[in-house]
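What follows is a single structure, written as structure tokens, with notes after it.
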Amino acid sequence: SLLRYFKNHLPFFLIEFGELFFNILTFFKLNKLIKKEKPDFIYYRYALFEFSPILLSRKYKIPLILEVNAPMVHKRKSKHKFILYRPAKKIESFIYKNADAIIVVSNFLKKILIRDGVPKNKITVIHNAVNLYDRKIKSEKLKSKKVCVGYVGSVNEDYGLFNFIKLIKSNFKNDSKVNFFIVGDGDLRTKLESYVNEHKLSNLVSIIGEVDHDEALQYIKICDICLLIDSKEYGSPMKLFEYMNLGKAILAADLPFVKEIITHKKNSYLFKTGDYQQLLKYLLLLIKDENLRKKLGENAQETITKKVFI
């Protein structure tokens with residue numbers, strides 16, 4: 001996309017100034033919309049540097065509900081040289097202070113905001129959710145007679161996929177009873193494809209690439225085991241809820257948000273984050289034990305309904 005092209009080719013400080021400048025465009029566009037629609041409140045998903053919805057909320061005296069999916073300043077600083085770090089931190093504090101209510105996607109993220117000075121009673125945790133009707137989707141994908149192990153989601157460095165591919169090479173290269181696939185796109189995809197081709201793993205591992213949501217659900221449908229290898233500790237990936245909703249045996253890292261949702265040996269198997277030998281141990285167990293996979297999947301699906309992640 002054009003946005004990805006600019007992010008990959010422009011100096012990062014120019015991108016930061018561009019994000020600040022974007023407030024001008026947002027302000028006039030949203031101002032026009034408020035005048036026309038006269039909303040009772042503004043629901044705003046927080047983006048770095050974007051403070052114009054707060055200004056308009058104050059101008060028109062309209063309550064603003066802020067959705068926070070990540071500690072954006074911390075996230076940016078951990079990945080890039082952050083030229084505008086101090087202004088960004090002040091803007092973030094201004095946004096948190098002036099929002100009437102804040103919604104976050106995990107208790108771990110709530111703790112981060114409290115640490116940053118946001119009053120506890122201002123924050124509500126609402127986990128991600130799924131549509132129960134997705135269970136009725138018929139998969140057009142052919143189910144292999146082999147045990148199918150799948151990952152569906154972003155294909156980036158944060159998610160442990162390259163180390164997992166190396167684990168497959170070391171332990172499953174001559175295994176005829178299992179196959180693996182990765183569905184999704186991201187910065188790591190080309191590197192994964194090159195590694196699979198270089199080590200002649202294409203009969204064992206399929207890198208599917210980006211598909212639409214309905215097709216992604218079809219791939220989950222044919223899985224026997226679904227993976228969440230690593231993630232950002234404050235997040236709430238949709239894939240976890242979709243795995244559960246479709247009744248799949250889940251093998252996941254024991255990240256804080258994961259343990260808010262699923263329980264080891266009840267509706268999943270959880271390995272210590274970054275411990276690929278423990279991951280391998282549990283994966284071999286699940287590949288071998290069909291009844292265990294079925295039990296975990298049924299319990300995961302029941303959890304979705306009972307905890308009202310719908």
Side-chain angles (χ1 to χ4, degrees), residues 43 45 67 69-70 103-107 109 124-156 158-159 161 179-186 189 206-232 235-253 255 257-264 266-270 283 286-287 290-310:
Y43 190 92
R45 180 168 176 169
E67 179 187 332
N69 287 270
I103 293 172
V104 296
V105 293
S106 70
N107 283 298
L109 183 52
T124 300
V125 177
I126 301 179
H127 294 285
N128 280 323
V130 288
N131 188 339
L132 294 183
Y133 288 103
D134 289 344
R135 297 178 184 180
K136 298 180 179 180
I137 286 178
K138 303 291 184 184
S139 181
E140 298 174 4
K141 310 300 175 187
L142 292 176
K143 176 72 174 78
S144 170
K145 292 182 180 179
K146 300 178 181 181
V147 175
C148 186
V149 182
Y151 168 90
V152 177
S154 298
V155 183
N156 295 318
D158 295 320
Y159 302 110
L161 293 168
N179 61 18
F180 300 86
F181 64 75
I182 295 171
V183 179
D185 199 5
R189 179 180 167 187
S206 300
I207 312 293
I208 306 299
E210 185 176 7
V211 299
D212 65 30
H213 182 252
D214 284 350
E215 191 172 357
L217 293 176
Q218 290 180 40
Y219 276 107
I220 295 173
K221 274 270 188 178
I222 63 171
C223 281
D224 297 293
I225 303 165
C226 288
L227 303 171
L228 195 161
I229 304 162
D230 205 345
S231 189
K232 304 174 187 72
S236 182
M238 278 301 304
K239 56 179 165 279
L240 176 60
F241 297 90
E242 288 170 340
Y243 294 164
M244 295 170 70
N245 191 39
L246 297 182
K248 299 302 168 179
I250 298 167
L251 179 56
L255 293 154
F257 73 84
V258 170
K259 291 190 289 185
E260 292 177 28
I261 308 300
I262 53 179
T263 305
H264 181 51
K266 180 183 177 184
N267 48 23
S268 62
Y269 262 64
L270 303 181
L283 179 58
L286 292 173
I287 289 170
E290 182 179 356
N291 290 330
L292 177 59
R293 296 197 303 266
K294 183 179 179 182
K295 177 186 174 185
L296 293 173
E298 288 172 351
N299 289 346
Q301 198 171 61
E302 185 180 14
T303 301
I304 279 284
T305 307
K306 283 189 173 180
K307 288 196 174 182
V308 201
F309 296 129
I310 55 178

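For the numbers below, each heavy atom of this structure counts, side chains included, while hydrogens, waters and symmetry mates do not.
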Mind checking the [atom1]-[atom2] spacing from [X] to [Y]? Nearest 0.5 Å is all I need.
X    : Y    : atom1 : atom2 : result
L292 : Y269 : CG    : OH    : 5.0 Å
I137 : H213 : CD1   : NE2   : 7.0 Å
E302 : M244 : CD    : CE    : 10.5 Å
K295 : K266 : NZ    : NZ    : 10.5 Å
I225 : S268 : CD1   : OG    : 13.0 Å
E215 : Q218 : CD    : CD    : 6.0 Å

Report yes if some heavy atom in the side chain of [X] is under 4.5 Å from a heavy atom in the side chain of [Y]; otherwise report no.
X    : Y    : result
L228 : L255 : yes
I207 : I182 : yes
F241 : I261 : yes
L161 : I229 : yes
Y43  : I103 : yes
N107 : H127 : yes
Y243 : C223 : no
L286 : L296 : yes

- Output yes when a side-chain donor or acceptor of D158 lies under 3.5 Å from a complementary backbone atom of K232, and no otherwise.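 No.
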- Message: Any side-chain to backbone donor/acceptor pair from R293 onto I287? Under 3.5 Å, distance only.
- Response: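 Flag set: sc R293 to bb I287 pair under 3.5 Å.
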State, to 0.1 Å, how close [X] and [Y] come at their nearest heavy-atom pair, and which atoms those are.
X    : Y    : result
D224 : K146 : OD2-O, 3.7 Å
T263 : L270 : C-CD1, 4.5 Å
M238 : N128 : SD-CB, 3.5 Å
I304 : R135 : CG2-NH2, 3.7 Å
N245 : L132 : OD1-CD2, 3.5 Å
C148 : F181 : SG-CE2, 3.1 Å

- Tell me, with the steps shown, if S206 and N179 meet side chain to side chain contact (heavy atoms under 4.5 Å, CB included). CA-CA 8 Å; S206 300; N179 61 18; over 6 Å; no
- Task: Show the numbers, then the answer: is there a side chain to side chain contact (heavy atoms under 4.5 Å, CB included) between D185 and V155?
- Result: CA-CA 5 Å; D185 199 5; V155 183; 5.6 Å; no
- Task: Could you label the plane-to-plane angle of the Y151 and Y159 rings as parallel, tilted or perpendicular, counting under 30° as parallel and over 60° as perpendicular?
- Result: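 Ring orientation of Y151 relative to Y159: tilted.
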- Of the options V152, V211, N131, D134, which is the one that meets L217 in a side-chain contact (heavy atoms from CB on, under 4.5 Å)?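 That would be D134.
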